[in-house]
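Notes follow the structure.
The chains referred to below are lettered A, B, ... by the order of the sequence lines, with proteins before strands, and numbering in each begins at 1.
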Amino acid sequence: MVNVLVVGLDNSGKTTIIERLKPRPKQSMEVAPTVGFNVEEVQKGALTFTVFDMSGAGRYRTLWEQYYREADAVIFVVDSGDKLRMVVARDEMEHMLAHPNLRKVPVVFFANKKDLPISLPPAEIAQALGLNDIQDRPWNIFPSNGLTGEGLDRGMDWLAERLGKA
Amino acid sequence: MGSAAAGRIWKGTQKASEHPLLDTPVAICSYISENTAPRLPALAVAAGSHVYIYRNLRPYYKFVLPAENVNTEEQEIWQKVMEGEMVMGDAVAQLTRLQDAGVVLQTRSLQLMNIGDPEAKMAFVEHWQGQPLVATTVITCMDTIKQAIDEPDAVSCLVIGTESGRVLILNPAGTAPVKNIWVGITPAMIAIQGELDVGYRITVAGRDGKLYHIRNGELQQTIIQLEAQPVGLVRLVKHVAVGCMNDVIHAYQPNGTKSWSIYLPCHILAMQRMEVTGQRMTKALLVALSNGEVRVYNEKLLVSVHTVNFPVTALWFGRYGREDNTLLTITKTGMLDIKMLPRTANLEIGALGGGPPPEQEIPLAVPKKTRLYVEQTQREREQAADMHRTFQRDLAKLRLTTARAFVKVLTDGQGAAAFTTSTNLSLSLSVAGLGPRFRLTLLLRNEGARPLLDVPVALRADPSLYALAKAQFTIPLLVPGLQYTYEVAVTAVSPEAGSDAVTVLLLAPAGSHSSAPLLQATLKMPISEPEDL
Ligand SMILES: Nc1nc2c(ncn2[C@@H]2O[C@H](COP(=O)(O)OP(=O)(O)OP(=O)(O)O)[C@@H](O)[C@H]2O)c(=O)[nH]1
Ligand SMILES: [Mg+2]
C-alpha cells in the first residue's frame with residue numbers, strides 16, 4: 001500500500017487524471033470541482049496506490065498539509081495553459097516542500113492540458129516553478145493530457161520505479 | 001476626433017477581444033444585473049451622456065441621461081430666433097442679459113455668443129433649425145450599489161454622477177433611473193456603502209473640493225471642506241478615505257468626524273479599495289504614489305508595500321480569472337501589471353512592524369510606596385515652609401551665578417589684548433599717531449593647531465568721533481604660529497569732542513554654526529590733537 005497525495009491548483013485536472021488511472025469501465029468522463037478531498041484506490045502493476053485527490057481551491061489548500069505525514073509520493077498537477085497562475089502554483093509548491101511533515105518523498109509533476117494551444121512546454125514550466133532548485137528529493141516532470149490519459153503512464157512508471165527502490 | 005476609443009478584454013495574460021467605443025469612456029463597471037442563473041456579469045461603459053451596457057460582451061442596452069431643465073427664457077429665445085421672429089442682434093443681447101443675471105447657459109447658446117462673424121452666426125442657427133434647445137449633460141463618474149444583499153454575485157444597480165450636479169441610481173437593468181438626487185456640484189468621485197433596499201450612503205467628492213453625503217436618497221447637511229482637491233475616494237469599513245492633492249489621506253466617519261490621517265511622502269496617483277477574500281476578510285486601502293510605491297494600509301497602518309517602475313494611473317483589486325485576490329495595476333506607459341496575493345499573506349495590523357509596540361501592553365513596574373517615600377512625604381508636609389525657603393535661596397544663588405557669568409562674557413575683550421581658548425587666537429591692538437590721524441595696528445596670532453580660513457573682522461567706533469578707513473575686512477588665512485599684522489587708518493573727526501574706544505571683533509568664519517564673535521578687543525584711543533590748520 002502506497003499513499004499518493006495529488007495536489008495542484010484548482011482546475012489543473014487532478015480528478016480527471018485520477019479517473020484516467022482507473023480501469024476503463026470505472027472511469028467517469030464528467031468531473032466536478034472537488035470539495036475538500038476524495039480517496040481512491042488505483043492499481044499499478046504490483047503496487048496498490050491509495051490516492052488522495054485534494055481540492056485545489058484556495059479555501060481548501062490548507063487541507064493538503066494534513067496528509068503530508070502519510071504521503072509516500074506526491075503528484076503535483078499543473079495546468080500548462082494557466083500562465084497567469086504559474087506563480088501561485090510555485091508558491092504553493094514551495095510551501096509544500098518546505099513543510100516539516102512532508103518526508104523526502106518523490107514528486108511527479110504533470111504538465112497537464114498539453115493539448116491546449118497556449119500550453120507551455122514542460123521545460124518552461126520547470127523553469128517557471130523553479131524545479132531545478134529541488135535537490136533534496138527525486139522529482140520529474142511529464143507532459144500529460146488528462147482527457148486522453150496520454151503521458152500518465154510515463155509518470156506513473158517513473159514513480160513506481162522510485163518507490164520500488166525505496 | 002482623436003484616436004478611436006476601444007474597450008479591450010483580457011483573459012489571463014492574453015487579449016481576448018476588442019470592442020470599438022463611440023466615445024472616450026470615463027468609467028467602467030461590471031455587475032450582476034439579473035437574478036437568473038447563471039449569474040453572468042453585465043459590463044457597463046460610461047461615455048459622454050450614455051451608459052453602454054454589454055451582456056456576453058455584446059451591446060445590449062444604451063442608457064441616455066435624462067435631459068436637464070433648460071431656462072425657459074433661453075428656450076424661447078432659441079425658438080424665436082429659429083422661427084425668424086427675433087433678429088440675431090436681439091437674441092445675442094438677450095442671452096447675454098440672461099448670463100449676466102446668473103443663468104448657466106447651454107453650450108449651444110455659449111457657442112452662438114462666441115461666433116464673431118454674423119454669417120457664421122446665421123449658419124449656426126440654421127444648423128440647429130427645428131431642434132428645440134435641450135440641456136444635455138455628461139457622466140463624470142460611475143459605480144455600483146448592491147440592490148438587496150451584500151454578496152459577491154448579488155444583483156446591483158449603477159450609480160452615476162453627472163456634470164449637471166446630480167447622482168442617479170438606475171434600476172438593475174439600467175433602463176431607467178430609480179433615484180435622482182440633486183447635489184448641486186459636479187461629482188468628481190463617488191463612494192458607496194450599503195444596499196439600495198436596506199440602507200445606503202453615498203459619499204460624493206465634488207469638483208469644489210468638498211465632500212457631500214447622501215443617505216438613503218437624501219442629501220445630508222454635513223459637508224466636509226477639504227484642504228486640497230480630492231484625488232481619490234475609497235469606502236472602507238467604517239470610514240470613507242479621501243486622498244487630497246496635498247499628499248494626505250483623511251478618513252471620515254459617516255457623521256463627518258475625522259478619525260485619522262495618513263501623511264505621505266509624495267503625490268497620490270490612485271487609490272482603491274482592497275477587499276481580501278479568504279480565511280479572514282480584510283478591507284484595506286491601496287494607494288499608488290508618484291515615487292512608484294503601491295502601499296496597502298489596514299486602517300492607518302502600513303501593512304504592505306511594493307514598487308512599480310512607472311507612474312500608476314489605475315488600480316483594481318478583486319477576482320481575476322480563477323484568482324480571488326488579484327491586484328491589477330495600469331501604468332502611464334500602458335503596462336498592465338497583475339499581482340496575486342499569496343494565500344499566506346498577512347495584512348493584519350502589525351504585519352510590517354508598525355502600530356503600537358508590544359511593550360505598550362505591559363504595565364510599568366511602578367515601585368511600591370516604600371517607607372522612605374512615606375517619610376519623605378511626611379517631612380514635606382511638616383517642613384514645607386523651610387523647604388520652600390531653601391529652594392528659593394538656591395534659586396537666587398543660581399540666578400546670581402548666571403548673571404555674573406553673563407557680565408563676564410559681556411565685559412571680556414574690553415582690553416586692548418584678548419585671547420580665546422576655544423579657537424586659540426590672540427589679538428592685540430595698538431595705536432600710533434598724535435591725531436587727528438591715527439594708525440590702529442592689529443597683531444594677530446593663531447595659537448591653535450589648525451589653520452583658520454576666511455575670518456571676518458569688524459571694527460566698531462562712534463561714527464561721530466572717528467572715521468574708520470575700513471570698518472570690516474576678511475582675513476583669508478591664519479596659519480598657526482605666524483604673526484599677522486593689519487593696519488587700519490582711524491581719523492578723529494571732531495577732536496574737540498573728546499576721545500572714545502575702538503572695538504575690534506573677530507567673527508566666526510562663514511559656514512560655522514555660531515554667529516557669536518570669536519574674539520573681541522577694545523582700545524581706548526588717546527586724546528587727539530586738533531587738526532593742523
Ligand atoms: N483540455 C484539457 N482539459 C483538461 C485536461 N485535464 C483536465 N481538463 C479539464 O479541466 C477541468 C478541471 O479538471 P478537474 O479534474 O476537475 O480539476 P481538479 O484539479 O480536480 O480541480 P479541483 O478539484 O477544483 O482542484 C475539467 O473541465 C477537465 O475536463 C487536459 O489535459 N486537457
Ligand atoms: Mg478535483
Side-chain angles (χ1 to χ4, degrees), chain A residues 7-16 31-36 54-66 68 76-102 112-113 116-120 124-125 127-130, chain B residues 8-18 30 37-40 151-153 274-284 294 296 303-304 306-309 315-331 335-348 351:
Chain A
V7 292
L9 300 189
D10 46 306
N11 197 50
S12 56
K14 298 178 290 297
T15 310
T16 312
V31 294
T34 309
V35 177
M54 307 305 294
S55 166
R59 61 184 173 284
Y60 292 124
R61 283 179 213 157
T62 44
L63 283 182
W64 298 3
E65 61 186 47
Q66 308 285 324
Y68 287 167
F76 196 102
V77 184
V78 184
D79 178 348
S80 317
D82 195 355
K83 216 188 261 183
L84 186 68
R85 292 204 300 164
M86 227 32 104
V87 284
V88 184
R90 179 177 185 152
D91 202 47
E92 295 296 353
M93 183 205 70
E94 285 174 349
H95 274 124
M96 176 181 75
L97 296 186
H99 201 282
N101 286 359
L102 188 75
N112 197 36
K113 306 199 184 181
L116 295 182
I118 50 162
S119 71
L120 296 175
E124 275 183 43
I125 292 173
Q127 169 83 36
L129 298 182
Chain B
R8 296 195 180 95
I9 310 283
W10 295 78
K11 188 175 178 186
T13 51
Q14 265 159 333
K15 190 166 83 179
S17 57
E18 185 155 338
S30 88
R39 301 211 169 170
L40 290 177
E151 267 168 23
D153 59 353
M274 175 167 171
E275 208 166 311
V276 182
T277 46
Q279 293 92 327
R280 290 169 303 241
M281 180 80 141
T282 309
K283 283 194 178 103
V294 177
V296 182
V303 289
S304 164
H306 71 264
T307 309
V308 184
N309 286 335
L315 293 166
W316 185 259
F317 188 88
R319 192 179 173 88
Y320 184 62
R322 294 191 151 265
E323 203 57 29
D324 271 330
N325 301 318
T326 308
L327 171 62
L328 301 181
T329 312
I330 296 171
T331 66
M335 182 181 77
L336 174 66
D337 182 71
I338 305 173
K339 282 206 156 37
M340 290 164 203
L341 190 72
R343 190 167 52 86
T344 49
N346 180 5
L347 296 177
E348 295 296 300

Please determine, among Asn11(A), Asp82(A), Asp10(A), the option with the most heavy-atom pairs under 4.5 Å with chain B.
Asn11(A)
Quick one: does Ser80(A)'s side chain get under 4.5 Å of Leu116(A)'s, heavy atoms only?
no
Under the side-chain contact (heavy atoms from CB on, under 4.5 Å) rule, collect the residues that match up with Ser17(B), sequence neighbours excluded.
Ile9(B), His19(B), Leu57(B)
Mind checking ring-ring contact (aromatic ring centres under 6.0 Å, His included) for Tyr68(A) and listing every partner two or more places apart, or none if nothing turns up?
His99(A)
Is the side chain of Lys14(A) donor-acceptor paired with the backbone N or O of Leu9(A) at a distance under 3.5 Å, no angle test?
yes
Region of Ile118(A) that comes under 4.5 Å of a non-hydrogen atom in chain B:
side chain
If we define contacts as heavy-atom pairs under 4.5 Å, which of Lys83(A), Arg85(A), Arg59(A) has the most with chain B?
Arg85(A)
